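Some notes on the structure that comes next.
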Amino acid sequence: MKRFLCFLLLILVPLFTPCIGYSDLEVLLKLKTSMYGRNGTGLEDWVASPASPTAHCYFSGVKCDEESRVVSLNVSFRYLPGPIPPEIGLLNKLVNLTLSSNNLTGEIPVEIAMLTSLRILNVSNNVFDKSFPGKITLGMAQLEVLDVYNNNFSGSLPTEIVNLKNLKHVHLGGNFFSGTIPEEYSEILSLEYLGLNGNALSGKIPSSLSKLKNLKSLCVGYFNHYEGIIPPEFGSLVNLELLDMASCNLNGEIPATLGQLTRLHSLFLQVNNLTGFIPPELSGLISLKSLDLSINNLTGEIPESFSDLKSIELISLFQNKLHGPVPEFVGDFPNLEVFQVWGNNFTFELPQNLGRNGKLKILDVSINHLTGLVPRDLCKGGHLQMLILMNNFFLGSLPQEIGQCKSLLKIRIMSNMFTGTIPAGIFNLPSVTLVELSNNFFSGELPPEISGDALGLLSVTNNRIAGKIPPAIGNLKNLQTLSLDMNRLSGEIPEEICRLKSLTKINFRANNIIGEIPASIIHCTSLTSIDFSQNSLSGGIPKEISRLKDLSFLDLSRNQLTGQLPGEIGYMTSLTFLNLSCNNLFGRIPSVGQFLAFNGSSFLGNPNLCSARNDTCSFGGHGHGGSFSTSKLIITVIALVTALLLIVVTVYRLRKKRLHNSRAWKLTAFQRLDFKAEDVVECLKEENIIGKGGAGIVYRGSMPEEYAYTLKVDEKSDVYSFGVVLLELVAGRKPVGEFGDGVDIVRWVRKTTSELSQPSDSASVLAVVDPRLSGYPLAGVIHLFKIAMLCVKDESSARPTMREVVHMLTNPPQSAPSLLAH
């Protein structure tokens, strides 16, 4: 009550200041003390001087009139974490009060209402909270600017401001205002800027705002959640230069009337639920520089009439449902800097003159159906920063000019159909941080000279790169990820790579690399992941690898490594994944430390490697073939019976098929390589059964994933089918039809085992095993189950060969079997 009476006194008694007796100097010093809080900074020169009664007029941010009264207080970008004191109302000559970006806290004092001469009130970018006291503006007849952007104000938007006839700039965005936009705002006819973006507003956007004929900027999006459409009436805001209605739940179509806004330079409608075509009438936006319609549900093509947008600099249409070609005129735009249309259904080629204007900075056309050659002039002006073409069907060689584009920061062109050699200059660009060239058909060798100082990620995965890994890769001092897997690289791992102190991930999987793992790899102290699998590495595992304290992933499987397991690996507490399978390691698996965290699959396919509990463990291959264990006999018999069943059933079905003169395919032992999609659909019939397992039929549960995409069958496809049969034997279930729509035995097994609270080899098998196998040794069933899961890996390159499968079947683990519980 006392504070309210004081407020009334300030309103009713204009001679309040002389009565109090505070000078402007004293008021400023009180402001400093209050706003400083405990540890504020930035007003160090605000010090009283007894010799100069007008010293305050020379304080930073202060301006005075002829009578030494403060008329402007502009204190911004300091650190003032305290509140504004009520004495602020005594500076009643103020015309400009700007306290922006200072970390001020608390509430706006109602005493500001005494500042009736204010034209500018700016308290933006602070931490004020509670509701904004709109009544303080009632006496501010001259107010032109009200800016409270980016605070913590809540409650409804203030309606008192509608009486301010000189108000031009209102920015209430970046707060927590809720409720609807007041219809009364359409009465502020002097308004040129209205910012309501970044609040929690709802309801419909009032079409009456179209009365604000002087409006130049209208920003109402971001975090607001409106209902309804973009008011078509906004097309009458003839002076509008900026319309920002992004990310605010708008639906419906883009009004064609917006094409009447001939002064509009920026139209931002992204991240909404807009539907329909892009109106051709938007070509009337002859002043337009920035157009962002991304992340909506727009359909159709880019209108041909857009060729009239000669001033356009930015076009963002990504993540819509647009289709058709990228029009040729896009390459003719003289000022185009940014072209982002990724995540649509665009087809055909890019305009070959794209970039020829010399101003292109960002090109992102990824995830479309584009094809043809990459335009040669994308970096003609030397400004291109981002080249993102991934997931399309681009053909041919990458232009050599890309390797000379020193402005590039990111190159992402993976998953296309590029051929030829990679331009050598790409590996020497001074500013590029990311180069992703994976999943193409690049050939040739990596260049001998590599020196990209800024490069952090280099991925050439799944190409046809041959030759040796160049030692110059060691020059990439900021490299964090190096992926050269699934190529045709040969030679040894160069020692120079071990100079890369920032390297966290290295992947050389599935190449032809020979030699030993360099012990100096310990100098890559930041490594978290190493994958050298599926090569021809020899020698032992260097014990020094245990000094990589951050390593969590280590895969050295399918090499020719020898020797015993370094016990030091047991002390690598960060190691969560270890795969040493299919090597020539021997001796005992240590049963200490981190070794206890890995199951038997980590060591599968090392016939001379055994667990510490096995008293009959042999070393170096001596005495290894002395006996043929019961579990080995069981597995061999199962494999032979399975193969025999396949042959018998296949022959029987072939004869039956001939008798019925069926249109289905002719089975030739999995080896037909010219299937068509129609054949697959037509032939999923009873008469097309190709084999049976222990309890079910095999036709579709044996179709590996890559066949569904490529319609090609190879050896790895047969391995997948064999894995399905093994899972049938273990689980006693049919490959499909027992697990729900779209779920086969492979996915069922993966789902079942992934949901175990305490996963282990035994738990996984017990979760899916056929009870009829309860009389068989558990170790033998586990071994069979592991082989099956290897055979049905999603990625064909990760599956073993049939030779490896036979090797694993005939060389089961030597650990003593235990019986399954009934």
Side-chain angles (χ1 to χ4, degrees), residues 277-278 293-294 298-304 306-307 315-333 336 338-357 360-380 384-403 405 408 410-423 426 434-444 459-465 486-487 676-677 706-712:
F277 298 151
I278 300 174
L293 308 178
S294 60
L298 299 173
T299 56
E301 302 185 10
I302 298 176
E304 286 293 329
F306 272 27
S307 59
I315 299 177
S316 288
L317 305 176
F318 58 86
Q319 282 197 277
N320 278 287
K321 300 175 181 178
L322 301 171
H323 63 266
V326 175
E328 285 293 323
F329 60 75
V330 171
D332 296 327
F333 288 139
L336 187 64
V338 177
F339 187 65
Q340 301 179 116
V341 297
W342 59 271
N344 281 284
N345 296 307
F346 288 113
T347 52
F348 300 104
E349 302 181 4
L350 286 177
Q352 288 304 301
N353 58 345
L354 188 61
R356 203 165 291 172
N357 65 359
L360 193 62
K361 294 180 180 178
I362 297 175
L363 176 64
D364 190 343
V365 298
S366 57
I367 318 176
N368 279 287
H369 303 286
L370 296 166
T371 187
L373 302 177
V374 174
R376 308 194 69 87
D377 296 323
L378 295 179
C379 193
K380 184 177 180 181
L384 188 64
Q385 298 174 6
M386 296 187 187
L387 177 61
I388 307 179
L389 311 176
M390 61 186 186
N391 293 93
N392 278 289
F393 299 94
F394 287 112
L395 305 168
S397 300
L398 197 63
Q400 291 295 322
E401 289 83 353
I402 299 300
C405 186
L408 273 170
K410 292 183 179 180
I411 302 174
R412 307 189 72 195
I413 61 172
M414 58 278 203
S415 300
N416 277 285
M417 303 178 72
F418 288 116
T419 56
T421 58
I422 301 169
I426 283 180
L434 184 148
V435 174
E436 292 182 285
L437 313 174
S438 56
N439 299 317
N440 280 289
F441 299 95
F442 287 119
S443 57
S459 176
V460 196
T461 298
N462 193 23
N463 278 282
R464 298 174 178 177
I465 306 299
M486 299 174 69
N487 279 287
K676 296 181 180 177
E706 70 271 10
Y707 176 74
Y709 295 104
T710 65
L711 300 180
K712 292 182 179 179

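The structure displayed is predicted, hence computed values, not measured ones.
- Scanning both residues, Pro399 and Val374, for their nearest heavy atoms gives CG-O, 3.5 Å.
- Residue Phe348 comes nearest to Pro325 through the heavy atom pair CD1-CB, 3.9 Å, listed as atom of the first residue, atom of the second, then distance.
- Summarising the geometry of Pro375 relative to Pro351, their closest heavy-atom pair is CG-O, 3.3 Å, with the distance given to 0.1 Å.
- Under the salt bridge (charged side-chain N to carboxylate O under 4.0 Å, His left out) criterion, the residue pairs touching residues 412-423 are Arg412-Glu436, with sequence neighbours excluded.
- One distance of note links CE of Met486 with CD1 of Ile465; it measures 13.5 Å at 0.5 Å rounding.
- For the residue pair Leu354 and Leu336, the shortest heavy atom distance occurs at CD1-CD2, 4.3 Å.
- To the nearest 0.5 Å, the span separating CG on Leu408 from NZ on Lys361 amounts to 14.0 Å.
- A donor-acceptor pair under 3.5 Å links the side-chain atoms of Asn440 to the main chain of Asn416, judged by distance alone.
- Nearest approach of Arg376 to Glu401, heavy atoms of both residues: NH2-OE1, 3.1 Å.
- A pairwise comparison of heavy atoms in His369 and Asn345 identifies NE2-OD1, 3.6 Å as the closest pair.
- Between atom OG of residue Ser294 and atom CD1 of residue Ile315 there is a gap of 12.5 Å, rounded to the nearest 0.5 Å.
- A donor-acceptor contact under 3.5 angstrom links the side chains of Asn462 and Asn439, judged on distance only.
- The shortest distance between side-chain heavy atoms of Ile278 and Leu317 falls below 4.5 Å.
- Remark: the backbone N or O of Asn463 is paired with a side-chain donor or acceptor of Asn487 at under 3.5 angstrom.
- For the atom pair Leu437 CG and Ser415 OG, the distance stands at 11.0 Å (nearest 0.5 Å).
- With a 4.5 Å cut-off on side-chain heavy atoms, Asn353 and Glu328 count as touching.
- Inter-residue side-chain proximity for Ser316 and Gln340 is flagged as met; some heavy-atom pair is nearer than 4.5 Å.
- Partner Asn368 forms a side-chain contact (heavy atoms from CB on, under 4.5 Å) with one of Leu322, Thr347, Asn344, Leu389 and no other, that one being Asn344.
- Between Phe318 and Ile367 the shortest side-chain heavy-atom distance does not fall below 4.5 Å.
- Side-chain contact between Ile422 and Leu398: absent, with no pair of heavy atoms (C-beta onward) separated by less than 4.5 Å.
- Every residue meeting the salt bridge (Lys or Arg N to Asp or Glu O under 4.0 Å) condition with Asp377, not counting sequence neighbours, appears here in chain and number order: Arg356.
- Considering only residues two or more places apart in sequence or on other chains, Phe333 meets the ring-ring contact (aromatic ring centres under 6.0 Å, His included) condition with Phe329.
- To the nearest 0.5 Å, atom CE of residue Met417 and atom CG of residue Asn392 are 12.0 Å apart.
- By the ring-ring contact (aromatic ring centres under 6.0 Å, His included) test, Phe339 is found to be paired with no residue, residues two or more places apart in sequence or in another chain being considered.
- Contacts of Glu349 classified as salt bridge (Lys or Arg N to Asp or Glu O under 4.0 Å), with partners at least two apart in sequence or in another chain: none.
- No side-chain heavy atom of Phe393 sits less than 4.5 Å from a side-chain heavy atom of Leu370.
- A 4.5 Å side-chain heavy-atom check between Ile388 and Trp342 finds every atom pair outside the cut-off.
- Between Phe394 and Ile413, every side-chain heavy-atom pair lies at or beyond the 4.5 Å cut-off.
- The CD atom of Gln385 lies 12.5 Å from the CG atom of Leu363; values are rounded to the nearest 0.5 Å.
- Remark: Cys379 pairs with Leu384, Cys405, Ser407 by the side chain to side chain contact (heavy atoms under 4.5 Å, CB included) rule, at least two apart or across chains.
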